[in-house]
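Protein chains get the first letters and strands the later ones, always in sequence-line order, with residue 1 at the start of each.
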There are 6 protein chains.
Amino acid sequence: MRCLIVNPNTSVHMTSSINHTMEELDKGDVSFDVISAEIGPESLESFYEYNLAASGVAYTLKKMDMQIYDGVLLACFGDPGLYGLKESLSCPVVGIAEASLSMSLLLGYKFAIIVSLQKAVPMMINMVHQYGLGQRMAGVFPLNMPVLDLEKDKVSVIEKIRQVSRKAIIQGAETLILGCAGMTGIAKEVEKEMKVPVIDPVSAGFHSLKAIIESKLTTARHGLYEPVPAKRIIGAEGRDSKYFGYF
Amino acid sequence: MRCLIVNPNTSVHMTSSINHTMEELDKGDVSFDVISAEIGPESLESFYEYNLAASGVAYTLKKMDMQIYDGVLLACFGDPGLYGLKESLSCPVVGIAEASLSMSLLLGYKFAIIVSLQKAVPMMINMVHQYGLGQRMAGVFPLNMPVLDLEKDKVSVIEKIRQVSRKAIIQGAETLILGCAGMTGIAKEVEKEMKVPVIDPVSAGFHSLKAIIESKLTTARHGLYEPVPAKRIIGAEGRDSKYFGYF
Amino acid sequence: MRCLIVNPNTSVHMTSSINHTMEELDKGDVSFDVISAEIGPESLESFYEYNLAASGVAYTLKKMDMQIYDGVLLACFGDPGLYGLKESLSCPVVGIAEASLSMSLLLGYKFAIIVSLQKAVPMMINMVHQYGLGQRMAGVFPLNMPVLDLEKDKVSVIEKIRQVSRKAIIQGAETLILGCAGMTGIAKEVEKEMKVPVIDPVSAGFHSLKAIIESKLTTARHGLYEPVPAKRIIGAEGRDSKYFGYF
Amino acid sequence: MRCLIVNPNTSVHMTSSINHTMEELDKGDVSFDVISAEIGPESLESFYEYNLAASGVAYTLKKMDMQIYDGVLLACFGDPGLYGLKESLSCPVVGIAEASLSMSLLLGYKFAIIVSLQKAVPMMINMVHQYGLGQRMAGVFPLNMPVLDLEKDKVSVIEKIRQVSRKAIIQGAETLILGCAGMTGIAKEVEKEMKVPVIDPVSAGFHSLKAIIESKLTTARHGLYEPVPAKRIIGAEGRDSKYFGYF
Amino acid sequence: MRCLIVNPNTSVHMTSSINHTMEELDKGDVSFDVISAEIGPESLESFYEYNLAASGVAYTLKKMDMQIYDGVLLACFGDPGLYGLKESLSCPVVGIAEASLSMSLLLGYKFAIIVSLQKAVPMMINMVHQYGLGQRMAGVFPLNMPVLDLEKDKVSVIEKIRQVSRKAIIQGAETLILGCAGMTGIAKEVEKEMKVPVIDPVSAGFHSLKAIIESKLTTARHGLYEPVPAKRIIGAEGRDSKYFGYF
Amino acid sequence: MRCLIVNPNTSVHMTSSINHTMEELDKGDVSFDVISAEIGPESLESFYEYNLAASGVAYTLKKMDMQIYDGVLLACFGDPGLYGLKESLSCPVVGIAEASLSMSLLLGYKFAIIVSLQKAVPMMINMVHQYGLGQRMAGVFPLNMPVLDLEKDKVSVIEKIRQVSRKAIIQGAETLILGCAGMTGIAKEVEKEMKVPVIDPVSAGFHSLKAIIESKLTTARHGLYEPVPAKRIIGAEGRDSKYFGYF
């Protein structure tokens, strides 16, 4: 079994963190590749950047041989462009946000999401409502640190997350989801002496994807993710010709 | 006052229909320009195409002088890339789907959306939940006609919409929203002898945008649509350099 | 185009404020009349007073020639008796509360309503749930000032609203709605240096109504607002005979 | 213990049916009076009529000595003007709709409401959402008979209700609520050979009110139903002077 | 009329408190028996204990002649095993939690539940969502006292409840429900000088049950509570043979 | 890694089917034991039976050495007694219903549950609301076959499920969940030529549990599933003494 882990931003550092988390996981006999988007913003903190990243990922995957993969994990909390990937690929595609939420449902009633910036609070609330999971949400809690700073000083990031987590628990959180791929690899540190599980989004994403593949299931080909036949792209001539392609 | 109407697909025919609707409207002293995306699919019937279109619109607007506009109308039902545009532009930006829904709330309790294809049914239901308006939805009803066919035979399209509308009314619809920019210009024909208002999305979108501009209001600069400072785009060198720009 | 603005209470001062706001608006070629209810309470702060006002407005409009109007705006936040007016009149009728809410949906995800008294907090929450918009509500925030005091000292009212607004923003508000016709005319003052739009209910109501009229739409004649044939009124003989009339 | 049963319309026939139901009930040692509104429509089938009735009931009760009653039952399904009465009276006030819904919650998971006319379907759905009980609603099912005809031919009304009830049960109803005071007195006939309880609204209303009185409880004096101090009524001079009074 | 009040735990003290409350109530001509479960935990503070109690109550009732009762009240807030009892018994069965909630709906818009321990907060929120009443909930507020301590020092319990209640009222509560059978008998003390009704769960439960019996209604025999034919119990041979019986 | 699969009913046949499914799965290096409850009903089709089974499972597990297991799967759709097990055991415990629902969220927007009997329809709807997943539910669809008959004629069961599934798809289902452990082992047959994934509840349950164990996570020890200290069980003397124990 082989999985593709897609970091939809272009931060080499973040891709390397994701790779590190993947190496540490109990993966059984699954092999994996971690890639970044070839083009796009270095971090994704707005819908505008999500839109650019969604297109950058399409460009990146279009040129690859996707037949060799049994599943794809989209490794940015916020799941940018996820629905489009589900339509386009025949293997299962899972976003780390939806997977973390799904797994949290089995571990506690109310989840909290820890995010880097205040701006992400309404973005995540919006996503949770789109996913129909509002009744299970205790809240979204910001660290007030930019995403790219998360990588710099792990010790103070962990301390800050623990502070914010205690506030979330008082407000009813029973599980804590680290709501950014940039927070991967520290869940066990955060969890120490806490009574609530702390979910690493890359780990939850990978294990959920693996569970789906082992269950021999894939995305519905009918309904929200039904594929649509490829269409001519106007205006792409004279540019990178395969730019806006279809799988 | 001057508005920009953006057709996020690249169908010249649809842009021309939108332009025609705009010319017929009671616009007071508002002037307007209608443009298509420079690059992207000819019609938008999937999330994959929404993602490409969102990026294509960003590319298109990036090169324009946006200071001359008092407001922007995104003229594709489904509002692809809308949140990103709201973040990026300082003038008000309205999507024709959100505007049609907002206006419908003032005309009847439950709305129905008429869409072209079955695939759009779950897409629109998803959007309505994301917008938090599920309690007001009577349903989404498909014509089972591709978007590009809507332009071809207006008489049978109108007849088909009237058939589907009667079904929607039996299921509780009190307002009917024509859920595709490709259906613009026929609302009054559909409405004849019906007891429910039929909402043209381009008209509703334009008049809602104008109401906002006349009220001297614009998008919140805090919260879901808070702008994020521009960031370096990796991987764009050697390509069309302004490709992934920011406003 | 000619609109009727109905202040459903009998406060001459408030009617005059509403008239002042109307005069200041960008109305294009629309003319308007502002009237008060002929009979009823001076301000509307309870359901009991809403009930009396609804009947007082019915009495007042019954004697007027409504054919000359293209639309009616009910200018009390709380929309007292609105559903009955929608049934009774063939032109569009819009309440300033529903219109402010609808417009806010296009400007930010979560709205807050600023109200005069604590009593109005559950009243507005109840109305928002009746309108099916609970997912978009950040909260309702009281000034703890009676409605009739709002007119007296504009400077301190504005300062108080700004204080309460900051609290609302911390609790997630992205738009602020001034939830009382008595607060009309000060939105721009409140908005200064804030990052969120402040909605004047009379302005939002008028511009929304105008948008509907320009879209050539009116209230659904089927469903919640379906008119019912006139019925004999028992007990009205020997009293003011046209009291409980029908349009 | 003494209760006042208020028929908010002016139909003598319906008041007499309500009285008949009351006489048949197991009332313990409770005495009761049944009155009609002195002024207003003969039946209440629209919000416009609800508004007139709410005001007519205020007028009627204003002249009475309300101190002699331990509780008030508002006997029109739709609960017109109920919130205002709850504010105004210190004894408990219960509407037959809210009481029937509350009692149904203890008897089955999903209730259906049987109504006379199609127009009442969205009206009742709106009320159920205002009351926050949408999750428990199987639907609202019309007989397509005017309210005043319900009194005429009991046998065919019962047969018609049984037909409609079977449809409701297929759609998930576990309790059936007769959604009109005009249907009082026939629940036991309807219920025969059915597996679901059929709730008479007058009976459910009275027994719920009695349960509250026996529990020595009354309406909250804080929150939605908080009373507001009496206010001058403008425009009432030279008319029936106590018209718009307060209790 | 005769009712059975079942305390599903085995605390003799709590059964005696319930009996005391019952004796004080205005019961008309209703006689009653109060029993404890024969086997099970002394107090019920977890789902694990709820499960044991549900089975202990089944065992206890199985040996009794249930034909002599007109109704059954399950007297533990949390309603453990309630759905199973509704299926099994032909007379009406009411839980004190569901009854308190139903009655509160008629007295104020938003209820708060006062509970003994923090652990009960998510348990009650879960129950309220299962009952579909989330829109009416202001919150669940803990005393942070074990259930069995509630019996010990009434004066300080009352003072503590009054403290917590004031907090609940600030957060929007309009009615207060004492969310534990161990808090029975003190509602009137708590209520003094408060503007909101305080609901004793045993009193509300009994009066609601009586209202149902007087209305000649019983649990639906179709839907969620439909009875299922008795089935062989495997593994009960050689044990207390009537252990897992059916009614 | 070693998992315990608990069939909470006492049907040897069903336990053997579950064992068969388990043997066929891609389990990596996980070993497993499948057990039945020692005591209780042969199939679980009512809440009454759920209550008995919950207690029977507690009895059964109490005597076992649970330290050797890394996780527990409760293998009855309906998750009877699940919350109590989550409280009692320190390793992760997953119910096949909650796991199937969680996995379905990653495969399609709306799920349908296929159940054996009509009675299970409201039971499952109730469970879905308790789990807060109503927005994702297309419906619950009955085969109208008793659970124990599901084992008898696999060919006609499969054909019947396919029929019912087509109906579910028309009503919006994008994933189909086989809502009974008795339907295990046939998902791939049902899925043939369908465009939607068919979820085997035992397989989804096992793989979800394994994903949690591999993620090194377990149930929250705070909130809804917080354990409560062991308490004396009254009335158990002279009976099987360890009957109502704690882990």
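Ranked by heavy-atom pairs shorter than 4.5 Å toward chain D, the options C:Ala120, C:Ser11, C:Pro80, C:Pro122 are led by C:Pro122. Top candidate by heavy-atom pairs under 4.5 Å with chain D, chosen from C:Asn126, C:Val128, C:Thr10, C:Val121, is C:Asn126. Contact count versus chain C (heavy atoms, under 4.5 Å) is highest, among D:Ala54, D:Ser43, D:Ala37, for D:Ser43. If you tally non-hydrogen atom pairs under 4.5 Å between each of C:Tyr131, C:Phe47, C:Tyr50, C:Tyr83 and chain D, the highest count goes to C:Phe47.
Salt-bridge formation is detected for the pair C:Lys231/D:Glu49: a Lys NZ or Arg NE/NH1/NH2 atom is positioned less than 4.0 Å from an Asp or Glu carboxylate oxygen. Taking 4.0 Å as the cut-off between side-chain N and carboxylate O, D:Glu38 and D:Lys62 do not count as a salt-bridged pair.
At a cut-off of 3.5 Å, with distance as the only test, a side-chain donor of C:Asp33 or C:Tyr69 sits close to an acceptor on the other residue.
Contacts between C:Ser36 and chain D at a heavy-atom distance below 4.5 Å are absent for every atom of the residue. Both the backbone and the side chain of C:Glu226 come within contact range of chain D, with heavy atoms under 4.5 Å apart. In this structure, chain D has a heavy atom under 4.5 Å from the backbone of C:Tyr225, while its side chain stays farther away. Proximity to chain C (any heavy atom under 4.5 Å) is shown, for D:Glu42, by both the backbone and the side chain.
Of the residues C:His20, C:Met183, C:Met22, the one that meets the side chain to side chain contact (heavy atoms under 4.5 Å, CB included) test with C:Val202 is C:Met22.
Annotation for C:Glu87 and C:Pro227: closest pair O-CB, 3.5 Å, computed over non-hydrogen atoms.
Residue-environment remark: NZ (C:Lys154) exceeds the threshold of 12 foreign heavy atoms within 6.0 Å.
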